[in-house]
Structure formats: structure tokens, C-alpha cells
There are 2 protein chains.
Amino acid sequence: MAKAKRTLKWQRDPEGMRLRILEAAKQEFSAHGLAGARVDRIAAKAGANKRMLYYHVGNKDELYLAVLEGAYDKIRSEERGLDLEHLDPPEAIRRLIEFTWNYFLRNPEFLSLLQTENLARAKHLKKSTKVKSMHSPFVEMIRTVVRRGVDSGDFQVAVDPVQLYISIAGLCFFYLSNSATLSVIFGRDLLDKKAKDERLAHMVGLVLAALTGQSVALFEIAKAPKSRSVVAQTV
Amino acid sequence: MAKAKRTLKWQRDPEGMRLRILEAAKQEFSAHGLAGARVDRIAAKAGANKRMLYYHVGNKDELYLAVLEGAYDKIRSEERGLDLEHLDPPEAIRRLIEFTWNYFLRNPEFLSLLQTENLARAKHLKKSTKVKSMHSPFVEMIRTVVRRGVDSGDFQVAVDPVQLYISIAGLCFFYLSNSATLSVIFGRDLLDKKAKDERLAHMVGLVLAALTGQSVALFEIAKAPKSRSVVAQTV
DNA sequence: GGAGAAATTAACCCGTTGGATAAATACTGT
DNA sequence: ACAGTATTTATCCAACGGGTTAATTTCTCC
């Protein structure tokens, strides 16, 4: 009895608990999708009781939306730190591609969450008020880079910044989010180090070549078919 | 009573039933994912009893795999009909992009199925023996186009055909499969006619400009920000 | 016109799952 | 130290969902 402070059956830690719940939920939702996610597994992974989820966040859907909003929040805030304004345009685009690629590599759950939400035709995201506001600054950032590139003569065309971003994200996203099926159907491991390096080079080359009109060295990593010698590395 | 052929409670039609089941399953799986799909709904949509699914195809997972294989089968067989061999290389690439784009537009369930399967890290697809075999011809077709383009001087670089195809598919796929969330966060409808036309132009322009080094007219549909007059349509 | 096989239906089984209820435990101010 | 509140636990349950069993209807072939 009389221990100065006897060991507690549990400690209170509302904020910590909330974070652990959201982290556990992120893992569960990205691993199994919305319908496949199990509330009990989330609770277990968070070291909590199932009832806690409802107490701290809400029901399964609210939990899911909270996770989704958190995911967008995180990537957009990291992107703000890129400040592409101070780089010359081609270098800015290169950095944007590399950042996007590496972010997707480092945060595979983000990709899964996006897939899940699109499968649901953004039903939940539409309810979110927070998310909509945080994207226009990002678009303007890209628009500025493109305009500067056109003015300086580095870029051939004034491309729509939204199209450009969707293309960049798409080149990264599809490769990574679909690497499982692509690896199967093409019979090669798309996630080993060499393959990833080649992919990054390919994407940077593709986009910069299109924008600048000049062939980019890294783009030319072309695998010759086994029977042939190396194909000409033309101009 | 005694009508020469009294009305039947039901007709027999094994093959028809199997097709209806697979079609219903395709819709259900693409609309709700694997875990979200409901066996009863599939049965209802197929105008069948739940027991029929198990009788004609198998359990939920087998049903899903059958749908997935059918989907791959369909797109790959349509692709075979493209015969890019008889077009000059830039035109062949353009046609490949347009086909992929239109196929994805016409078959949104295919996109959903791929997303679902990748969410599951291709767990089911790996079990399929059929699917693996049908992709090398397609890759070789693209490889030939690229090689011809390099030889003729149309293309600047000998790009890896698998990378190229993943890029083309990715540009189309991401835009369409993620159009729901993208529309929300960018605040514009990406699926109206004008947006789709612009996207196709953008993709063709991007890829062909990168391959040929020449700016493609269609690529230059650049939306100026509302406050500004039209940005220079450079070179 | 009947026997056996094939196709289809109806009803049930039972583990799972999201969510709810109520009690127990820790914290806070006074 | 005590009342009131916030946080956490322990159970429970009704609905659901995949899958199975067994009976019913149609077809085929002799």
C-alpha cells in the first residue's frame, strides 16, 4: 500500500495517446485500406483500448479523415521548405522531382492513403475544409518557376503549372504505388537500388528535356536488349 | 394448367451466368476494393444466388483474381491491335499515348482494380501464371519503335522501353485514378471535356518533346493566371 | 418417361466487427 | 481529503458477411 507513489495501472497522456492512435491508424489504413482496416488492430497497435479511439478521435471514418488530413499537411509543409524561388528554373524543377520522388519513397503510407481515398472517389476528403486551402501557394510557386524559365529562355514553353505538377507526381507515384504489379508483369524488381536510380534519372531527363529542348545526359541510360551492343547515344 | 411449356422459375445458362458473375464482380471490386466488396451484392447484381458464385468461380479471392486476370487480358489484347510497327516512330508513340489514355477513360474499373491489387502488394497477381507471360511481346513492340526512332534520327535518345511505358501509363493513370482528390485539392474539375483535351495534349507534348527534342505545338496550351495576359508561346 | 447429372435456390452457421454501456481509475481544484 | 471530471478499462451485443448444407428444379440421354 503505502509506497510513496505506487505503480499506476496506467498513466494519463491524452495528447500522446491521440498521436499514437493516429500513427497506428495511419499504418493500419495504409496497409489494409478503409474497409480492410480493423479498429481493434489500431487500438492494439496504439497500445490502447478500442474505446479510446472513439473517445479521442471519433468513429472509424473520422479517424480515417484525420489521418488523411495529417498526411496532406505533412507533405505540403515539407514542400514549402523547398523554396524553389532561389534556384535557376531547370535546377528548381530537378529539385522538385527529386523531392517528390524521395518523399514518396520515404512515405509509402502516403501513397496508399491516396489510393484508398481515390478508390472512394474522395468522398471523405470533400468533407475536409482544411485541405482545400493549402494548395494554391504551392501551385503559385511552380507557376513562378515556369514563368521565370520562359523569360530566361531556359524553357521552351509556358506549361500549365498544375499539369506539370500532376505529371511529375504521376511519374513518381505510378512507378512506386504500382511497383508491385509492374514488377510482376515485367518480371523485374523495380525497387532495388539500381532500378530506383535509373527511374529517377529517367524522370528528370524526360521532364527537363521536354521543358528545355535539350537532351539531358542522365536520360540516356538505355538498356540495350541482351542480344545487341549499345545503342547509339545520339546527340 | 397444362400450358404446353409452362413458365420456368429459372433458365439454365452456365456460361452466361459465369460471365454475368464476373462482370458484376468486376463492378463491385472496382467500386469498393477487395475488402469492401460484398459477395451478396455481386450475386444480386449478377441476378444470381450467392451460392452460384462459389459454384461457378470459387470463393471471394478466386473471384477477385479471375476478374483481375480478365482485365489484364482485355487491355493487352487491345494493345496488340495497335501495330505500331507500321507507323513512323513519333506517330507510333503518339498513338500509344492516345490509346492508353482512351483505354483508361473507357475502362475506369481497370484503374480501380490495379489500385486495389497494388494496395495488396500484388499478393493475388503473384499467384497468377497466365498474366506474367503476356507482357514481353508488348515490351518488344515498344523497344522496336524506340530503336527505329533512334536509327532514323527522330529520337534523341535510346530510352528503356519499360521506363517509357511506365511513364506513359503513369501520366495517364495518375491523372485519372487520382482525379477525385486532385480535383478537390486544386479546386478544378479535371474530368470535364476541356480539361481532358488539355491533358492529352500536355502528355503527348511532354513525351514527344523529350524524345525528339522539338517542341510540340499542342504542348503549349498554357493557362495564364487570370491577372495576366497570355504568356509568350516561345519557340 | 425416367434416372442421373447439372444448375439453382433457400436457409442456416458461426466467427468477426464496429460500436455501445457501464464501471474503474487517475487527476484537479478547493 | 473530497467532489467532480477526465481518462481508461472490461464486457457485451446486434448486425454483418463469407461460406456451407441440403433440398429443388431443369436438362440430357437412353
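Chain letters run A, B, ... following the sequence lines, proteins first and then strands; every chain starts at 1.
- Computed from coordinates, the A/His32 NE2 to C/dT17 P distance equals 11 Å when rounded to whole Å.
- For B/Tyr55 and D/dG19, the OH to C1' distance is 17 Å, given to the nearest whole Å.
- Checking the phosphate oxygens (OP1, OP2) of D/dA6, no side-chain nitrogen or oxygen of A/His56 falls inside 4.0 Å.
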List every contact pair, protein side and nucleotides 12-18 of chain D side both N or O, where the distance is under 3.5 Å.
unit_1 : atom_1 : unit_2  : atom_2 : d
D/dG17 : OP1    : B/Arg38 : NE     : 2.9
D/dG17 : O5'    : B/Arg38 : NE     : 3.0
D/dG18 : OP1    : B/Ala37 : O      : 3.0
D/dG18 : OP1    : B/Arg38 : NH1    : 3.4
D/dG18 : OP1    : B/Lys60 : NZ     : 3.1
D/dG18 : OP2    : B/Val39 : N      : 3.1
D/dG18 : N7     : B/Lys50 : NZ     : 3.2

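- Sorted by first and then second residue, the pairs that involve residues 43-83 of chain B and meet ring pair (Phe, Tyr, Trp, His ring centres under 6.0 Å), not counting sequence neighbours, are B/Phe29-B/Tyr64, B/Tyr64-B/His124, B/Tyr72-B/Phe110, B/Tyr72-B/His135.
- Listed by first and then second residue, the salt bridge (Lys or Arg N to Asp or Glu O under 4.0 Å) pairs involving residues 103-116 of chain A are A/Lys26-A/Glu109, A/Glu78-A/Arg106 (not counting sequence neighbours).
- A straight line from CD of B/Glu15 to C1' of C/dT8 spans 15 Å, rounded to a whole angstrom.
- Within 3.5 Å, a donor on the side chain of B/Arg51 pairs with an acceptor on the base of D/dT21, or the reverse.
- Put simply, CG on A/Leu53 is 12 Å from P on C/dA20, counting in whole angstrom units.
- In this structure, A/Met17 atom CE and C/dT25 atom C1' are separated by 14 Å, rounded to whole Å.
- For A/Lys45, the side chain to side chain contact (heavy atoms under 4.5 Å, CB included) test picks out A/Ala24, A/Gln27, A/Glu28, with sequence neighbours left out.
- At a threshold of 4.0 Å, the pair A/Asp160-B/Arg188 counts as salt-bridged, since one of the basic side-chain nitrogens sits closer than that to a carboxylate oxygen.
- In this structure, B/Ile21 atom CD1 and C/dT9 atom C1' are separated by 13 Å, rounded to whole Å.
- In this view, B/Glu15 and B/Asp13 satisfy the side chain to side chain contact (heavy atoms under 4.5 Å, CB included) rule, not counting sequence neighbours.
- Counting only residues at least two apart or on different chains, the side-chain hydrogen bond (donor to acceptor under 3.5 Å, both in side chains) pairs with a member in residues 175-184 of chain B are A/Asn118-B/Thr181.
- Spacing between atom CZ of A/Arg18 and atom P of D/dT8 amounts to 13 Å, rounded to whole angstrom units.
- If you measure from atom CE of A/Met52 to atom P of C/dG19, you get 16 Å, rounded to the nearest angstrom.
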